[in-house]
Number of protein chains: 2
Amino acid sequence: MNEQKFCYKYPHPSVTADCVIFGFDGVSIKVLLIQRGIEPFKGKWAFPGGFMKIDETTEECARRELEEETGLKNASVEQFHTFSDVSRDPRERVITVAHYALVRLSEVKGGDDAASARWFAMDEVPSLAFDHDRILQMAVNRLKERICFEPIGFELLPEVFTMTELQNLYEAILEVKFDRRNFYNKMLKLGILAEAEPRPANASRRTPSKYRFNAEKYTEFKQKGFRLEF
Amino acid sequence: MNEQKFCYKYPHPSVTADCVIFGFDGVSIKVLLIQRGIEPFKGKWAFPGGFMKIDETTEECARRELEEETGLKNASVEQFHTFSDVSRDPRERVITVAHYALVRLSEVKGGDDAASARWFAMDEVPSLAFDHDRILQMAVNRLKERICFEPIGFELLPEVFTMTELQNLYEAILEVKFDRRNFYNKMLKLGILAEAEPRPANASRRTPSKYRFNAEKYTEFKQKGFRLEF
DNA sequence: CCCAATTGCGTAAAAATAACGCATTTTATT
DNA sequence: AATAAAATGCGTTATTTTTACGCAATTGGG
């Protein structure tokens with residue numbers, strides 16, 4: 001049963017792909033974690049991920065594991081760092097290519113399937129298995145950097161949203177507060193937003209306008225990048 | 001002779017670390033390449049790099065290979081992407097963690113040692129082995145991004161340099177032209193430069209001032225980051 | 001019924017960026 | 001040798017961008 005069929009002249013490490021999945025519930029940023037059912041770190045929480053097959057890239061591996069463990073399909077994952085500390089896995093030599101993805105919360109209902117997947121707010125994340133604490137730290141930093149150069153709201157917000165929700169998203173990720181009116185002016189001037197519905201005639205002041213992303217502008221900024229000075 | 005001693009239940013990829021080494025000669029950016037002496041891609045140029053040992057991280061591997069192949073010691077390498085296309089190496093399944101480093105040209109004299117290492121200006125780089133063309137492309141992009149947030153001149157310029165040399169460095173990396181006087185004002189206002197020598201009394205207009213980096217400020221910016229709006 | 005909170009829309013001050021002037025001195029050119 | 005072109009240091013002035021707020025209307029909570 002325990003055949004060791006694949007042999008090499010020199011020792012080879014195992015390679016895994018892990019996924020840091022970010023979501024947004026309108027107020028705070030969340031990450032998707034899986035509770036480990038086996039040793040090592042049994043019972044501890046960790047990122048979805050697993051061993052890379054010999055005929056797939058790390059991104060493909062990340063997407064496959066993600067679907068297997070959380071049911072989430074076709075997420076757009078992006079690698080951000082490879083962790084290769086010699087003792088990061090107590091069993092054997094494993095290096096992991098860490099990825100992250102942004103998804104709408106509605107697409108993954110925690111506590112799905114077999115795996116016990118659950119969303120955690122950033123300030124509720126427990127101590128994680130392996131070196132996943134460090135991986136999370138770096139993923140968060142990368143997310144903060146990215147939000148300043150690329151629009152990312154589309155992946156995290158519902159189709160239609162209010163300006164306040166968009167601002168909450170930026171504030172949650174960057175951990176800062178903006179002046180509401182300046183944020184409003186800036187976003188409108190960028191031209192990235194389109195009014196979702198013509199504001200109804202009977203709409204009163206406290207009924208906020210609904211926006212959606214201007215797909216054309218959004219794609220343009222995705223490619224050319226922009227510079228959000230916050 | 002050809003023992004295959006290390007056996008696993010599932011196939012494992014080989015893992016390598018490659019290094020994109022950037023240098024600057026006062027006018028243009030250069031990369032350090034090695035001409036391959038063996039198949040595959042014999043005779044083609046490629047980045048220094050090689051197989052990761054089981055008890056080292058990818059960064060350690062990158063530094064070790066770099067020293068073995070170019071004599072360059074203790075370079076500060078930083079990984080930027082892991083390339084895992086299934087067919088990127090025609091022999092076997094190999095994924096590579098690509099790193100880059102910035103060094104002073106004087107520290108590596110091309111055509112050293114056994115290996116035939118040579119510096120190439122960016123616009124003279126030939127078609128490279130494996131997927132190294134793509135690796136270079138991504139390394140260049142990363143360098144462009146980094147230069148806007150961190151001072152990097154210290155690694156690339158000689159100890160003492162003129163404002164024009166510094167500007168040439170930025171222009172070479174970003175492939176843009178700046179107004180000389182605005183660049184001058186900006187750099188001085190940042191406070192990152194210190195005058196290397198008190199300008200000699202007999203110095204005439206066309207004898208440029210010499211600067212060095214203000215180590216304190218330089219380190220501060222390294223950590224906190226800055227924002228160069230170009 | 002009153003008060004705090006929310007929303008849309010502006011405007012003025014402050015700061016940063018971009019554009020360019022100019023005298024002087026070298027080096028290159030005719 | 002005379003002249004033109006390029007390099008350097010040090011400014012100044014527009015232009016644009018960012019920041020800091022004002023204000024009225026409306027709503028929900030107490």
Side-chain angles (χ1 to χ4, degrees), chain A residues 26-27 147-149 151 153 157 160-172 174-212 214 217 221 224-230, chain B residues 26-28 147-149 151 153 157 160-172 174-212 217 221 224-230:
Chain A
V27 179
I147 199 178
C148 292
F149 291 97
L157 289 171
V160 168
F161 51 87
T162 69
M163 190 65 82
T164 303
E165 288 171 330
L166 184 63
Q167 180 172 352
N168 285 343
L169 172 61
Y170 276 82
E171 292 184 339
L174 293 170
E175 297 181 277
V176 292
K177 289 288 175 190
F178 302 122
D179 179 277
R180 179 181 58 85
R181 294 151 294 185
N182 289 339
F183 185 87
Y184 174 100
N185 288 334
K186 180 160 215 160
M187 282 297 160
L188 287 189
K189 201 167 57 179
L190 275 176
I192 202 176
L193 299 181
E195 233 162 327
E197 314 142 24
R199 201 175 165 69
N202 65 341
S204 60
R205 287 295 179 117
R206 282 203 48 178
T207 309
S209 302
K210 298 277 194 177
Y211 298 92
R212 64 178 73 242
N214 173 332
K217 268 285 182 188
F221 280 133
K224 296 202 314 187
F226 62 2
R227 189 68 67 93
L228 277 189
E229 288 298 337
F230 288 121
Chain B
V27 178
S28 54
I147 199 178
C148 292
F149 292 97
L157 289 171
V160 168
F161 52 87
T162 69
M163 190 64 84
T164 303
E165 287 171 330
L166 184 62
Q167 180 172 354
N168 286 344
L169 172 61
Y170 275 82
E171 292 184 339
L174 293 169
E175 297 181 276
V176 292
K177 289 286 175 190
F178 302 122
D179 178 277
R180 178 181 58 83
R181 295 152 293 186
N182 289 338
F183 185 88
Y184 173 99
N185 288 334
K186 181 161 214 159
M187 282 296 160
L188 287 189
K189 201 166 57 180
L190 275 176
I192 202 176
L193 300 180
E195 233 161 327
E197 313 141 27
R199 202 175 163 68
N202 65 340
S204 58
R205 284 296 177 116
R206 283 203 48 176
T207 309
S209 302
K210 298 277 193 176
Y211 298 91
R212 63 178 75 243
K217 268 283 182 189
F221 280 132
K224 295 202 317 186
F226 63 0
R227 189 67 67 93
L228 276 188
E229 289 296 336
F230 288 121

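When reading the values below, keep in mind they use all heavy atoms of this one structure, side chains included, and skip hydrogens, waters and symmetry mates. Treat the numbers as computed from the prediction; the structure is a model and nothing was measured. A, B, ... follow the sequence lines: proteins, then strands. Residue 1 opens every chain.
The distance between atom CD of E195(B) and atom P of dT8(D), rounded to the nearest whole Å, is 14 Å. In this entry the distance linking CG of L190(B) with C1' of dT17(C) reads 13 Å, nearest Å. Per the geometry, CG belonging to N168(A) stands 12 Å off C1' belonging to dT6(C), to the nearest Å. When rounded to the nearest whole Å, the span between OH of Y184(A) and P of dG22(D) equals 19 Å. Here dT16(D) presents its C1' atom at 13 Å from NZ of K186(A), a figure rounded to the nearest Å. Atoms CE (M163(B)) and C1' (dC10(D)) sit 12 Å apart, rounded to a whole Å. Atom pair F183(A):CZ and dT17(D):P shows a separation of 18 Å (rounding to whole Å applied). dA15(C) atom P lies 11 Å from atom NZ of K189(B), rounded to whole Å.
In this structure, T164(A) reaches the sugar-phosphate backbone alone: every heavy-atom distance under 4.0 Å involves primed, P, OP1 or OP2 atoms, never a base.
The side-chain hydrogen bond (donor to acceptor under 3.5 Å, both in side chains) search around E165(A) returns none, not counting sequence neighbours. Every side-chain hydrogen bond (donor to acceptor under 3.5 Å, both in side chains) that D179(B) has, sequence neighbours left out, goes to R181(B). Partners of Y184(B) according to the ring-ring contact (aromatic ring centres under 6.0 Å, His included) rule, which considers only residues two or more places apart in sequence or in another chain, do not exist here. Partners of F221(B) under the ring-ring contact (aromatic ring centres under 6.0 Å, His included) rule, at least two apart in sequence or in another chain, are F226(B). In this structure K189(A) satisfies the salt bridge (charged side-chain N to carboxylate O under 4.0 Å, His left out) test with no other residue, sequence neighbours excluded.
Between S209(A) and dG8(C) there is a side-chain polar atom (N or O) within less than 4.0 angstrom of OP1 or OP2.
Taking the six-membered ring for Trp and thresholds of 30 and 60 degrees, F161(B) and Y211(B) have ring planes inclined between 30 and 60 degrees apart.
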Protein-nucleic acid N or O pairs under 3.5 Å, nucleotides 19-24 of chain C:
from    : atom 1 : to      : atom 2 : distance (Å)
dA19(C) : N7     : N182(B) : OD1    : 3.3
dA19(C) : N7     : N182(B) : ND2    : 2.9
dA19(C) : N6     : N182(B) : OD1    : 3.1
dG21(C) : N7     : R181(B) : NH1    : 2.7
dG21(C) : O6     : R181(B) : NE     : 3.4
dG21(C) : O6     : R181(B) : NH1    : 2.9
dA23(C) : N3     : R205(B) : NH1    : 3.2

